[in-house]
Each structure stands twice: as C-alpha cells, then as structure tokens.
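Taking it in order: structure first as structure tokens, then the write-up.
First the proteins, then the strands, lettered A, B, ... as listed; each starts at 1.
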There are 2 protein chains.
Amino acid sequence: MARTPQDVTETELSILQLLWDEGAATIRHLTERLYPGGGTSKYATVQKLLERLEEEQLVRRDRSGSAHTFQALINREELIGRRLRTVAEQLCGGSLTPLLTHLVRTRKLSDQERRELRSLIEELESDKRKSPRSN
Amino acid sequence: MARTPQDVTETELSILQLLWDEGAATIRHLTERLYPGGGTSKYATVQKLLERLEEEQLVRRDRSGSAHTFQALINREELIGRRLRTVAEQLCGGSLTPLLTHLVRTRKLSDQERRELRSLIEELESDKRKSPRSN
DNA sequence: GCAATATCAGGCAAAATGTCTTAGCTTCTC
DNA sequence: GAGAAGCTAAGACATTTTGCCTGATATTGC
C-alpha cells in the first residue's frame with residue numbers, strides 16, 4: 001500500500017522555521033540560510049520544497065516581483081495545534097483533554113510552571129464569568 | 001534522500017489498540033479482528049506487522065506455545081508521551097510546557113473540564129507539599 | 001546584447017509500508 | 001501414520017513519499 005504522507009516533513013519544517021523567524025523571503029535567501037554556499041542544486045531543492053509547501057497551503061507565493069517571495073501561511077502555534085489534534089485523533093478518540101491531563105500528570109512541573117498554569121486557568125475562569133458561553 | 005520513518009504507523013497502531021483492548025493475542029486472533037474473514041494473505045500481513053513491531057520493541061512475542069502469542073510492550077499513555085515529546089522537540093525546542101499552555105489556551109475547556117484540571121493541579125500541589133523535591 | 005538569475009518541468013534513488021506468495025514445520029485428526 | 005490444517009520464516013513487490021538534481025526556457029540588469 002501507500003505511504004501515509006507526513007503532516008509536515010522535518011525538512012519542510014526547517015523552511016517554515018526560517019519563514020517564521022525572518023518573515024517573507026526569496027528562494028535564494030532561504031537557500032543561503034539552509035545550505036550556506038549551496039549551489040544550483042540546493043537552490044532547486046529549496047524551490048521544490050516550497051512548491052510542495054505551496055500546494056499544501058502552508059506557504060503563500062508572491063509572484064509579483066522578479067524573484068518570487070514566500071511567506072508562511074501557518075504559524076508555529078497553529079502547527080502545534082495540528083500536531084496535537086492528530087495525536088488526539090489517533091490515540092484519544094479525538095479529544096484533547098487526555099493530552100492535557102497527561103501533560104499535567106506526567107510532566108513534573110516545576111513550582112513556577114505550576115503556578116503559571118494555575119493563574120492561566122484562573123484567568124480563563126474570570127474571562128468565562130464575563131462572557132458566560134458555557135461550552 | 002531517505003524517508004523519515006513514522007513513530008508508529010496507523011496500521012501498526014490498529015494492532016496495538018487491539019492488544020491494549022484484548023491483552024495478549026495470537027496472529028490469527030488479531031487477523032480475525034482486523035480483517036474479518038481475511039484469508040492467508042491478510043494473516044501474513046498481520047504477521048509482518050507484528051514482526052516489525054517486535055523489532056521496534058513495541059511488542060513482545062511469546063514463542064513458547066505452538067502458536068506465538070503477542071503482547072504490547074508500550075501502553076497508550078506511553079505512546080501519547082512519545083508523540084507529545086516528538087512534537088515538543090520539533091516545535092518547542094524540546095520543552096513540553098508550550099504544549100501545555102497551548103492546550104489550556106486554545107482548547108475552550110468546558111466548565112467541568114476546567115474544574116477537573118484545576119483540582120488535578122491542586123492535588124499535585126498538595127503532593128508536592130508532602131514531599132518537597134523542588135524540580 | 002550578454003551574463004546572471006529565476007522559474008518550470010520532470011527525473012531519480014532510497015526508503016517506508018502494506019500486501020502477498022511460497023516453502024517448510026508442527027500438530028491435530030481420523 | 002498419512003493427510004489436512006495451521007503456523008512460522010523468508011522474501012518479493014508495488015506504491016508512494018521525499019529530498020535532491022539536471023536541463024530548458026524566460027526574465028532582469030547592465
């Protein structure tokens with residue numbers, strides 16, 4: 001049978017990371033960063049990667065300039081969300097809650113982390129009070 | 001270049017799920033459940049899958065009986081942990097905390113979920129008080 | 001006009017993965 | 001004890017992903 005395509009490959013991710021860090025960029029710029037001193041072939045590699053990322057709607061290509069410019073259409077948080085959702089679907093019947101409790105239980109939070117988390121939740125609780133939309 | 005192997009394939013996962021639900025099992029049993037009425041070929045498929053799972057140390061094979069018996073060496077929680085760690089490594093510099101806050105922020109917890117989470121944290125806090133091992 | 005630089009199109013090899021065939025044992029049954 | 005049935009081991013295979021590269025063609029800049 002077929003290979004299950006990966007959400008975002010590690011190599012693709014390295015491109016996204018760059019776009020996140022440096023904003024919109026040209027192929028050349030990305031190539032220079034990713035494969036410093038890389039020649040024509042590396043350039044083409046990055047080009048192909050971007051082409052595929054564009055297909056997957058993860059990157060937008062701006063064709064106006066003489067050299068195309070690329071920018072990420074997804075940010076880190078969103079990608080994290082996608083990944084977590086995948087895990088939840090495959091292992092928790094789609095619910096994210098088990099992931100949450102897993103992290104809280106397993107993670108050995110430091111005192112500070114626990115405090116932060118706690119205040120985050122309290123914050124949410126007061127938000128909720130202001131706009132009670134019980135979901 | 002090469003393909004990055006997936007931690008656990010969806011098909012492999014379906015086998016693990018069965019082993020989790022039904023405990024140790026033979027190839028035949030698993031085949032019957034996974035591909036009801038599947039013939040020799042499906043049997044061989046499951047066989048190969050198990051062989052690979054054994055290689056990956058995710059399943060233990062008991063060769064004593066006339067038909068080998070298989071049992072999972074990893075449970076659901078552990079697999080969740082692996083997956084989360086992978087996400088953290090690739091997207092959060094290895095720290096799981098961002099995942100935690102992402103979930104709390106994004107998740108639109110229901111009232112009840114929030115309450116549960118809160119008490120879970122409080123529970124941890126009292127545990128901590130009993131054995132203060134500040135990490 | 002020429003050289004540099006871009007894009008486009010397509011090929012390629014290595015590896016993953018699910019599937020299947022076959023051969024050779026062991027075990028059960030009559 | 002012979003034949004059938006079930007089991008394991010070994011390996012072939014097709015399909016697909018994925019990172020990488022080449023060559024042709026178009027565009028830009030001077």
Side-chain angles (χ1 to χ4, degrees), chain A residues 1-19 24-71 86 90, chain B residues 1-19 24-71 82-83 86 90:
Chain A
M1 273 252 157
R3 162 135 274 51
T4 308
Q6 281 178 308
D7 180 53
V8 170
T9 298
E10 270 194 81
T11 318
E12 289 174 339
L13 183 57
S14 68
I15 288 194
L16 284 180
Q17 305 262 25
L18 267 180
L19 291 176
T26 66
I27 300 181
R28 180 142 311 272
H29 179 76
L30 295 170
T31 307
E32 227 40 74
R33 280 255 171 292
L34 230 42
Y35 309 95
T40 313
S41 57
K42 292 303 182 185
Y43 181 96
T45 298
V46 174
Q47 179 180 303
K48 179 65 74 181
L49 252 5
L50 283 165
E51 184 184 315
R52 287 173 187 161
L53 281 169
E54 190 190 6
E55 260 177 28
E56 297 174 62
Q57 306 267 308
L58 296 174
V59 144
R60 183 209 312 293
R61 182 194 297 247
D62 176 0
R63 295 164 198 270
S64 60
S66 66
H68 295 182
T69 274
F70 296 82
Q71 101 187 76
T86 302
Q90 296 193 325
Chain B
M1 276 259 152
R3 163 118 315 58
T4 309
Q6 282 178 307
D7 180 52
V8 171
T9 299
E10 269 194 84
T11 318
E12 288 174 340
L13 183 56
S14 68
I15 287 193
L16 283 180
Q17 305 263 26
L18 267 180
L19 290 176
T26 65
I27 300 183
R28 180 139 313 267
H29 179 77
L30 295 169
T31 307
E32 228 39 75
R33 280 256 172 291
L34 230 42
Y35 310 94
T40 312
S41 56
K42 292 304 180 185
Y43 182 96
T45 298
V46 174
Q47 181 180 322
K48 179 65 74 183
L49 253 5
L50 283 166
E51 184 184 317
R52 287 174 187 159
L53 282 169
E54 190 191 6
E55 260 178 29
E56 298 173 61
Q57 305 267 310
L58 296 173
V59 145
R60 183 209 311 293
R61 182 195 297 248
D62 176 1
R63 295 165 199 268
S64 60
S66 67
H68 295 182
T69 275
F70 297 83
Q71 100 188 76
R82 279 170 67 137
R83 292 281 236 270
T86 302
Q90 297 194 325

> Which pairs count as side-chain hydrogen bond (donor to acceptor under 3.5 Å, both in side chains) when at least one residue sits in residues 29-46 of chain A, sequence neighbours excluded?
Replying inline: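 Listed once each, the pairs are A:Glu22-A:His29, A:Glu22-A:Arg33.
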> Restricting to pairs with a member in residues 51-60 of chain A, which pass side-chain hydrogen bond (donor to acceptor under 3.5 Å, both in side chains), not counting sequence neighbours?
Replying inline: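 Applying side-chain hydrogen bond (donor to acceptor under 3.5 Å, both in side chains) to every pair that reaches into residues 51-60 of chain A, excluding sequence neighbours, yields A:Glu54-A:Arg61, A:Glu54-A:Arg63.
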> Between D:dG6 and B:Arg28, is there an OP1 or OP2 to side-chain N/O distance shorter than 4.0 Å?
Replying inline: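 For B:Arg28, the contact criterion (side-chain N or O under 4.0 Å from OP1 or OP2 of D:dG6) is not met.
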> Counting only side-chain N and O atoms of B:Tyr43, is one of them less than 4.0 Å from OP1 or OP2 of C:dC20?
Replying inline: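 For C:dC20, OP1/OP2 do not have a side-chain N/O of B:Tyr43 under 4.0 Å.
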> Name the one of B:Leu53, B:Val59, B:Val46, B:Thr26 that satisfies side-chain contact (heavy atoms from CB on, under 4.5 Å) with B:Phe70?
Replying inline: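 Answer after filtering B:Leu53, B:Val59, B:Val46, B:Thr26: B:Val59.
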Spacing of [X] atom [atom1] relative to [N] atom [atom2], expressed in whole Å:
| X | N | atom1 | atom2 | answer |
| --- | --- | --- | --- | --- |
| B:Lys48 | D:dT8 | NZ | C1' | 11 Å |
| A:Arg63 | D:dT27 | CZ | C1' | 15 Å |
| B:Glu51 | C:dC20 | CD | C1' | 14 Å |
| B:Glu32 | D:dC7 | CD | C1' | 15 Å |
| A:Leu49 | C:dC8 | CG | C1' | 16 Å |
| B:Glu10 | C:dT19 | CD | P | 12 Å |
| B:Glu55 | D:dA9 | CD | P | 12 Å |
| B:Glu54 | D:dA10 | CD | P | 12 Å |

Residue [X], side-chain atoms from C-beta onward, closest of [options]:
| X | options | value |
| --- | --- | --- |
| B:His68 | D:dT8, C:dG10, C:dT7 | D:dT8 |
| A:Ile27 | C:dT7, C:dT19, C:dG11 | C:dT7 |
| B:Tyr35 | C:dT19, C:dA6, D:dA9 | C:dT19 |
| B:Ser41 | C:dT5, C:dT21, C:dC8 | C:dT21 |
| A:Arg61 | D:dT22, C:dC8, D:dA9 | C:dC8 |

> Atom CG of B:Leu18 and atom CG of B:Leu30: how far apart are they, to the nearest 0.5 Å?
Replying inline: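 Rounded to the nearest 0.5 Å, the CG-CG separation comes out at 6.0 Å.
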> Say you draw a straight line from CD of B:Gln6 to OG1 of B:Thr86; how long is it, rounded to the nearest 0.5 Å?
Replying inline: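 Nearest 0.5 Å value for the CD-OG1 distance: 11.5 Å.
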> Along nucleotides 22-30 of chain C, 5' to 3', which nucleotides get a B, which get an S, and which get a -, given that the test is a protein heavy-atom distance under 4.0 Å?
Replying inline: ---------
> NA contact type, A:Thr45, heavy-atom cut-off 4.0 Å: base, sugar-phosphate, or nothing?
Replying inline: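 Touches a base.
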All N/O contacts under 3.5 Å from nucleotides 13-16 of chain D to the protein, with atom names and distances to one decimal?
from	atom 1	to	atom 2	distance (Å)
D:dT15	O2	A:Met1	O	3.3

> Sequence neighbours excluded, which residues qualify as side chain to side chain contact (heavy atoms under 4.5 Å, CB included) partners of B:Ala44?
Replying inline: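 None.
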>> Just to verify, what does A:Ser14 make a side chain to side chain contact (heavy atoms under 4.5 Å, CB included) with, not counting sequence neighbours?
In response: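 Applying side chain to side chain contact (heavy atoms under 4.5 Å, CB included) to A:Ser14 gives A:Thr11, A:Leu34.
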>> Going by side-chain hydrogen bond (donor to acceptor under 3.5 Å, both in side chains), name the residues that satisfy it together with B:Ser64, two or more places apart in sequence or in a different chain.
In response: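 B:Ser64 satisfies side-chain hydrogen bond (donor to acceptor under 3.5 Å, both in side chains) with B:Asp62 once adjacent residues are dropped.
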>> Please determine whether any donor N or O and acceptor N or O are separated by less than 3.5 Å between the side chain of B:Gln47 and the base of D:dA9.
In response: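 For B:Gln47, whose side chain was compared with the base of D:dA9, there is a donor-acceptor pair (under 3.5 Å).
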>> The criterion is salt bridge (charged side-chain N to carboxylate O under 4.0 Å, His left out); which residues satisfy it with A:Asp7, sequence neighbours excluded?
In response: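 Here the qualifying residues are A:Arg82, A:Arg83.
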> If every non-hydrogen atom of B:Glu10 is compared with every non-hydrogen atom of A:Gln90, which pair is closest and at what distance?
Replying inline: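 Answer, listing the atom of B:Glu10 first, then A:Gln90: CG-NE2, 3.0 Å.
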> Starting at the 5' end of DNA chain C and moving along, which residue's nearest nucleotide shows up first, A:Thr4 or A:Ala67?
Replying inline: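 Whichever sits nearer the 5' end wins; that is A:Ala67.
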